[in-house]
> 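Pasting a structure below so you can have a look.
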Amino acid sequence: SDLNVILYYSVLPNVVFTNPQSFLNIVTEIITRVVYNKDSKDPLFSRAQNEGIISVKLIEWLKLDFPQAFKPTMFEAKELITLLLHLGVVSKCNNEYFMPSLLKGLDTKGIEALLSLHPDTVAPCAVYNEKRWLECGAFGFLITSLLSSDRWTLVLDGVRPECAYSNCIKMYFESMLVTLVDYASHIEIHVHGDIDDCQELCHDIKLSVFDAFKVKPQFGLVCPCGRSERHVAKCTQAALKRKQAFCSKNPLKKFPWNRFGASPEVWMKHICDYTPKLGDLMNEVAAVIPAKWRLVGVQLK
């Protein structure tokens, strides 16, 4: 017989998905309907398309076209929103919900113009995965994960996100203005604010971003070598001692800190200093896999 997957989420204790693929297809259709419904003059659609804001009312309206995806009293618009929150697809924004995947992208010139409005206080940090490109959708998940913390908020113009694109977004980390940019191969963190605040908050920003990824990333700087496409300058403990970082495209090229822009040392001193949380270490211990014991010992040391 054919094998099937059954999904259960604790946030929906009365619901079991016996045909998850069919359900996911319908959710995808609903999202597509929002993004490509250019003819609708309904403000609910325009807010979703231009601001990434959705509401229960919008889902209630859309579900009329997809009755097979919902079950009266068991799985309706509110339950769908609850599930999307749990999966990190949306985040709470006042009494509505923010879905980064609905936003339009910004081209390179637009990103450069946006960044020029608020010069970097310190050289931008680059988040990447050394073995592969970041997963598709990683940027949107990062945004919703950060917004689940009280320390991160959207930059709002009234109730509207002031600067939000699918690949570039401005946020506040406490009082610090931060611009996050997705370049597919890496994500850049641009910090704008008082240098004294940067000294204190950049470490916490790094940890927030690190904790948001299930597959833990590496951190570096944006390489100054002059290639047309932006890429990462990697940092090792040895390079840090020499106050250098080397080009990820050409490891023979090493650059001193003064090539990276303003105050690169603010990020550099945090790039290799991650100390795992005790809970993470205990998870390693609980796995009871002998090969991991050495790793646990090294981390504890």
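Positions are given from 1 along the sequence. Note that this is a predicted model, so its numbers are computed, not measured.
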> Report yes or no: do Leu201 and Leu147 belong to one cluster of Ile/Leu/Val/Met/Phe/Trp/Tyr joined by side chain heavy-atom distances under 4.5 Å?
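They do share one cluster, since a chain of ILVMFWY contacts under 4.5 Å joins Leu201 to Leu147.
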> Any non-hydrogen side-chain atom of Phe173 less than 4.5 Å from a side-chain atom of Ile189?
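Answer no - side chains too far apart.
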> Answer yes or no: is there a donor N or O on one side and an acceptor on the other, between the side chain of Lys78 and the main chain of Val56, under 3.5 Å?
no
> Report the C-alpha separation of Ile205 and Trp152 in whole Å, then their side-chain angles, then the decisive distance to 0.1 Å, and conclude whether the side-chain contact (heavy atoms from CB on, under 4.5 Å) test is met.
CA-CA 9 Å; Ile205 291 173; Trp152 288 89; 4.0 Å; yes
> Without hydrogens or angle criteria, can the side chains of Thr179 and His192 be said to hold a donor-acceptor pair below 3.5 Å?
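Yes, His192 and Thr179 have a side-chain donor paired with an acceptor closer than 3.5 Å.
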> Is it true that a side-chain atom of Glu200 and a backbone atom of Asp197 form a donor plus acceptor pair closer than 3.5 Å?
no
> Looking at side-chain heavy atoms only, is the closest gap between Thr108 and Arg230 below 4.5 Å?
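A side-chain contact is absent here, since even the closest heavy-atom pair is not under 4.5 Å.
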> With a 4.5 Å limit on heavy-atom distance, are the side chains of Leu84 and Met99 in contact?
yes
> Determine whether Val11 and Leu85 fall in the same hydrophobic cluster, where Ile, Leu, Val, Met, Phe, Trp and Tyr are linked whenever their side-chain heavy atoms lie under 4.5 Å apart.
yes
> Atom OH of Tyr183 and atom CD1 of Ile111: how far apart are they, to the nearest 0.5 Å?
4.5 Å
> Say whether, by atom type as modelled, one donor and one acceptor occur between the side chain of Ser145 and the main chain of Leu142 under 3.5 angstrom.
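A pair under 3.5 Å: no.
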> Does the side chain of Leu177 come within less than 4.5 Å of Tyr172's, by heavy atoms?
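Of all side-chain heavy-atom pairs linking Leu177 with Tyr172, at least one is under 4.5 Å.
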> Is atom CG of Asn258 surrounded by more than 12 heavy atoms (other residues, nucleotides or ligands) closer than 6.0 Å?
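Yes, enclosed.
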> Do Val155 and Cys163 have side chains that approach each other closer than 4.5 Å (heavy atoms only, starting at C-beta)?
no
> Tell me whether the count of non-hydrogen atoms from other residues, nucleotides or ligands lying under 6.0 Å of CZ in Arg151 goes above 12.
yes
> Among side-chain atoms of His190 and Glu188, is any donor-acceptor pair under 3.5 angstrom?
yes
> When you look at Ile81 and Ile54, which way does the side-chain contact (heavy atoms from CB on, under 4.5 Å) test go after all the steps?
CA-CA 9 Å; Ile81 292 291; Ile54 64 172; 3.9 Å; yes
> Would you indicate whether the side-chain heavy atoms of Ile169 and Phe139 approach each other to under 4.5 Å?
yes
> Taking everything shown except Glu265 itself, do over 12 heavy atoms lie less than 6.0 Å from its CD?
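Enclosed.
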> Identify the heavy atoms of Ala262 and Thr121 that sit nearest to each other, and give their distance.
CB-O, 3.5 Å
> Are Leu87 and Val90 connected into the same hydrophobic cluster when the rule is that any two of I, L, V, M, F, W, Y join if their side-chain heavy atoms are below 4.5 Å apart?
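Both belong to a single hydrophobic cluster.
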> Would you confirm whether Glu76, through its side chain, and Thr73, through its main-chain N or O, come within 3.5 Å as a donor-acceptor pair?
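Checking the backbone N and O of Thr73 against the side chain of Glu76, a donor-acceptor pair under 3.5 Å is found.
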> At their closest point, which heavy atom of Ala123 faces which heavy atom of Trp267, and how far apart are they?
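Nearest pair, atom of Ala123 first, then Trp267: O-CD1, 2.8 Å.
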> Look up atom CD in Glu51 and atom CG in Leu103, then write down how far apart they are to the nearest 0.5 Å.
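Result: 9.0 Å between the selected atoms.
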> Would you kindly confirm whether Ile59 and Tyr97 end up in one hydrophobic cluster when ILVMFWY residues are joined by side chain heavy atoms under 4.5 Å apart?
yes
> Please determine whether side-chain contact (heavy atoms from CB on, under 4.5 Å) holds for the pair Cys93 and Ile53, giving the CA-CA distance in whole Å, both sets of side-chain angles, and the decisive distance to 0.1 Å.
CA-CA 8 Å; Cys93 182; Ile53 298 295; 4.0 Å; yes
> I want to check something: taking the side chain as every heavy atom from C-beta on, are Val209 and Phe219 in contact at a cut-off of under 4.5 Å?
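In contact.
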> Of the non-hydrogen atoms in Val232 and Gly220, which two are nearest, and what is the gap between them?
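Nearest heavy atoms, Val232 then Gly220: CG1-CA, 4.4 Å.
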> To the nearest 0.5 Å, how far apart are CZ in Phe75 and CZ in Phe17?
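The CZ atom of Phe75 sits 4.0 Å away from the CZ atom of Phe17.
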> To the nearest 0.5 Å, how far apart are CD1 in Ile187 and CD1 in Ile143?
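So the gap between those two atoms works out to 7.5 Å.
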> For Phe260 and Pro224, work out which heavy atoms get closest and say how close.
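That would be CE2-CD, 3.4 Å.
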> Quick one: does Val89's side chain get under 4.5 Å of Leu83's, heavy atoms only?
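No; the side chains remain at least 4.5 Å from each other.
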> Are His231 and Cys247 close enough, and set up right, to give a side-chain contact (heavy atoms from CB on, under 4.5 Å), and what steps lead you there?
CA-CA 8 Å; His231 58 282; Cys247 176; 3.3 Å; yes
> Shortest non-hydrogen contact from Met176 to Asp194?
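Looking at all heavy atoms of both residues, the closest pair is CE-O, 4.1 Å.
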> Between the side chain of Asn250 and the main-chain N/O of Leu252, is any donor-acceptor distance below 3.5 Å?
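Yes, the answer is positive, given that a donor and an acceptor are paired below the 3.5 Å cut-off.
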> For the hydrophobic clusters of this structure (ILVMFWY residues joined by side-chain heavy atoms under 4.5 Å, transitively), does one cluster hold both Leu156 and Leu180?
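Both belong to a single hydrophobic cluster.
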> Without swapping roles, check the side chain of Asn167 against the backbone of Leu106 for a donor-acceptor pair under 3.5 Å.
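Here the side-chain-to-backbone pair exists.
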> Indicate the atoms forming the closest heavy-atom contact of Lys254 with Phe246, along with that distance.
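Residues Lys254 and Phe246, closest heavy atoms: CG-CB, 3.7 Å.
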